**Q** 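The structure is given below, and queries will be raised subsequently.
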Amino acid sequence: MTNCVNGATIGEGGVHTKLETANVVKIGTAPGGTALGGIVGYINSGSKYVYLVDRCHNYGTVINTKGTGRDNNNYEGRSGGIVGYINIDGTATISECHNHGIVERDAEDSEWDAKGDCGGILCRVYPTTEAVVTITNCVNEADAKIVFRGAKKNEVNMGGIMAVSGSTTILDNCQNYGVVECYGTMNSAMSVAGIIGNVSSIETVVKNCTNYAAIKQLSGRADRLLVGGIVGYSYSSGTIQDCVNEANGLIEISDVTNAESTTITNASSYIAIGGIVGYARGTVADQGSITGCINKANLAFNGYSSNAIYFGGCVGLCDMVSSGLTNNGELTFDGTAIVTDSGDTQGFYAGGVVGYASTPVSNSENTAALTFGGSATTSYYAGGVVGYATAKTTSLTNSGTLSYGGTSTTSYYIGGVVGQVSNADVSILKNTGDITLGGSLKTGRKGEKNIYVDTPSLGGVVGNMNASALCKADSLVNTASITFAWGASANKSDNWTNGGVIGLSNNYAISKAHFDKNASGVAPKINFTSTSPLVYNSGNNALFVAAGVIGCAKASVAGADITSCHNEGTIYCNSTAKNNTHNSTFGGIVAKDDLAAKGAISYCVNDGAWI
């Protein structure tokens, strides 16, 4: 089918199966639900045919309201600007097609499980092992909004180009200019993106695609909310490469919750937001990869979560190998993260590039400001590049400022490059962006009421490094200043560990960690400029630790040596902070040495000062 044009409004239509027809107005019904497309509603064949939809334009509005009311439980509505639904054993290609019409799934009046998927070009591909679907050189135009209006118990997938890929799919050189909006309530998963909402096929490839439009979750509830500028959710061993989320592709999450009240805890519920991918989940056999992608858009979250929040400039939650990622968009968190059980595995994870990484991250950088406010009854893990890492990180750079002004009733782990790394090596990390800590914090020993963690830590490069067996940290450099500037609400803590390079390390061999002058020859500072005194929790032996390189170094395994480190920074306290620190320890290289004869400090130089 080539050179087709539709200018009508598409509602619930009949069945059309002959692709030779060029004059399509209403096309529709597929098993289990409706399949509406501006050009083709449903492509279906059990034979290995070759299908082509080429150079077609849709100007009509595609609205699917099927599945409302009590009699339509578990009814699926599939809406696509060009094609609604593909179920084949052969190959299908959609090329050089343009959608100009609004694509909408309206299940607002549904009382039950009316699901909804919307795609600007194609809605959904049925999962078969034989099908290969290619979408190339297609555009969803600026006037073609993708809209979902929801109801109870919905599973929603939305994409500016495609909603769901269930079989091998290739998206190449596609652009989305249409705003993606969602209103309503969902009890299940919601995957939303500028290009494709849900990648559920093993071999899917998304490459050379660009999103130019905003993604807005304006109201409602979702147990799992997965939002990305390019891909919302990816469960694939394929690749996402050379894609861009442009500055207009801002992501705004507001007035959203993933629980009905603050008393609900759902272990399966979480929120993952990324400028490129919300949740990048590799398969067990093959992790897949994300390479060469750039986010230029700002990301903002002002919602509520009863479980984990993963927030990244490029990827929120990452189980795929990532390399060559760049974030130029500002991140702002002003929401609420509440964990109503005592699970230490939950938290708020935010990074300029990746929020939480369980796979290697390399050759990536953040250039934008990160601002974290709001409130949390769970721990903050925030890094200029990666919030929390459990795999090797190397060749990462941050030049954006990082500001923490929130309220936490547990703890924080903040680093200029990585917030926390666990059981993994780190190397060649550099921070040039200033860090400012304000807000309010209450921490204490485990077992106290509403308190889970007793050692907050902040480092100019890595906040906290913790390993059960010996790991390595090599070539970590910070040339930026760290400022503690809390106001009238005094921070409270038992053990603070702060370093110009590393806040706290446990079982790490550290070499070439430098708190150095910047390119202009200006020495960095650790500034305590509080207008309120430091207050410790009585009876808990409070300890405030700060050093030019490492706040506290601990070890329970041999080989945790600290070598060839250098400090050129200054530790400065104003009179309020200086006169009210309780049981504090400061050092040029290491403030608190808990190596317990498992490591030695050697060949280190301190050229810094204490004022």
Side-chain angles (χ1 to χ4, degrees), residues 1-6 10 13-58 62 78-99 103 117 119-140 157 159-176 195-209 236-241:
M1 176 179 287
T2 62
N3 297 310
C4 296
V5 177
N6 175 48
I10 308 299
V15 180
H16 191 98
T17 57
K18 293 184 178 180
L19 298 181
E20 294 82 3
T21 302
N23 225 352
V24 180
V25 177
K26 294 184 178 181
I27 304 178
T29 306
T34 54
L36 304 183
I39 301 299
V40 180
Y42 182 34
I43 299 176
N44 179 32
S45 174
S47 301
K48 295 185 178 181
Y49 295 140
V50 177
Y51 296 89
L52 173 65
V53 182
D54 183 49
R55 289 167 287 174
C56 295
H57 289 252
N58 173 54
V62 180
R78 311 175 185 100
S79 304
I82 301 297
V83 178
Y85 189 43
I86 296 177
N87 181 3
I88 60 174
D89 287 332
T91 62
T93 299
I94 305 172
S95 71
E96 298 186 46
C97 292
H98 291 244
N99 176 50
V103 179
D117 299 327
I121 299 298
L122 168 63
C123 182
R124 178 185 280 263
V125 177
Y126 186 80
T128 68
T129 58
E130 301 295 330
V132 177
V133 176
T134 300
I135 306 175
T136 181
N137 300 319
C138 290
V139 180
N140 188 52
N157 301 287
I161 299 298
M162 185 176 180
V164 186
S165 69
S167 299
T168 298
T169 305
I170 300 169
L171 290 90
D172 186 11
N173 195 34
C174 294
Q175 293 86 42
N176 174 53
I195 299 299
I196 178 168
N198 187 330
V199 175
S200 295
S201 54
I202 301 302
E203 300 297 334
T204 289
V205 175
V206 183
K207 61 181 181 179
N208 305 313
C209 292
S236 173
S237 59
T239 60
I240 301 168
Q241 64 187 68

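Model, not experiment: these values are computed from the prediction. Along the sequence shown, residues are numbered consecutively beginning with 1.
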**Q** With side chains defined as the heavy atoms from C-beta onward, is the minimum distance between T169 and M162 less than 4.5 Å?
**A** yes
**Q** Suppose we screen for side chain to side chain donor-acceptor pair (under 3.5 Å). Which residues come up paired with S200, at least two apart in sequence or across chains?
**A** N198
**Q** What is the ring orientation for H57 with H98, classed by angle as parallel under 30°, tilted 30 to 60°, or perpendicular over 60°?
**A** parallel
**Q** So, for I121 and V139, which heavy atoms are closest and what is the spacing to 0.1 Å?
**A** CD1-O, 3.6 Å
**Q** When rounded to the nearest 0.5 angstrom, what distance separates CG in N44 from OH in Y126?
**A** 10.5 Å
**Q** Could you check whether any side-chain heavy atom of D172 comes within less than 4.5 Å of a side-chain heavy atom of N137, counting everything from C-beta outward?
**A** no
**Q** Return the set of residues passing side chain to side chain contact (heavy atoms under 4.5 Å, CB included) with S95 (not counting sequence neighbours), or none when no residue passes.
**A** L52, D54, T93, T136
**Q** Could you state the interatomic distance from SG (C56) to CD1 (I39), rounded to the nearest 0.5 Å?
**A** 5.0 Å
**Q** Quick one: does L171's side chain get under 4.5 Å of V205's, heavy atoms only?
**A** no
**Q** Do the side chains of S201 and V125 get nearer than 4.5 Å, heavy atoms only?
**A** no
**Q** For the atom pair CG (N99) and CD1 (I161), what is the distance rounded to the nearest 0.5 Å?
**A** 9.0 Å
**Q** Is the shortest side-chain heavy-atom distance between I82 and L122 below 4.5 Å?
**A** no
**Q** For E130, what residues pass the salt bridge (charged side-chain N to carboxylate O under 4.0 Å, His left out) criterion, not counting sequence neighbours?
**A** K48
**Q** Tell me, with the steps shown, if N140 and N176 meet side chain to side chain donor-acceptor pair (under 3.5 Å).
**A** CA-CA 5 Å; N140 188 52; N176 174 53; 2.9 Å; yes
**Q** What I want to find out is whether R124 reaches D117 closely enough, with some N-O distance under 4.0 Å, to be called a salt bridge.
**A** yes
**Q** Where do T204 and I170 land on the side chain to side chain contact (heavy atoms under 4.5 Å, CB included) test, with the steps shown first?
**A** CA-CA 6 Å; T204 289; I170 300 169; over 6 Å; no
**Q** How long is the straight-line distance from CD of E203 back to OG1 of T239, given to the nearest 0.5 Å?
**A** 9.5 Å
**Q** Search all heavy atoms of I196 against all heavy atoms of A163 and return the closest pair with its distance.
**A** CG1-O, 4.0 Å
**Q** Quick one: are V133 and S167 in side-chain contact, heavy atoms under 4.5 Å?
**A** no
**Q** What is the minimum heavy-atom distance between I88 and A131, and which atoms define it?
**A** O-CB, 3.3 Å
**Q** If you compare all heavy atoms of R55 against all heavy atoms of C97, which two are closest, and at what distance to 0.1 Å?
**A** N-SG, 3.8 Å
**Q** Where do V62 and G80 come nearest, in terms of heavy atoms and distance?
**A** CG2-O, 3.9 Å
**Q** Using 0.5 Å steps for rounding, measure from the CG atom of N157 to the CZ atom of R78.
**A** 11.5 Å
**Q** Minimum heavy-atom separation for C138 and I94, please, with both atom names.
**A** SG-O, 3.5 Å
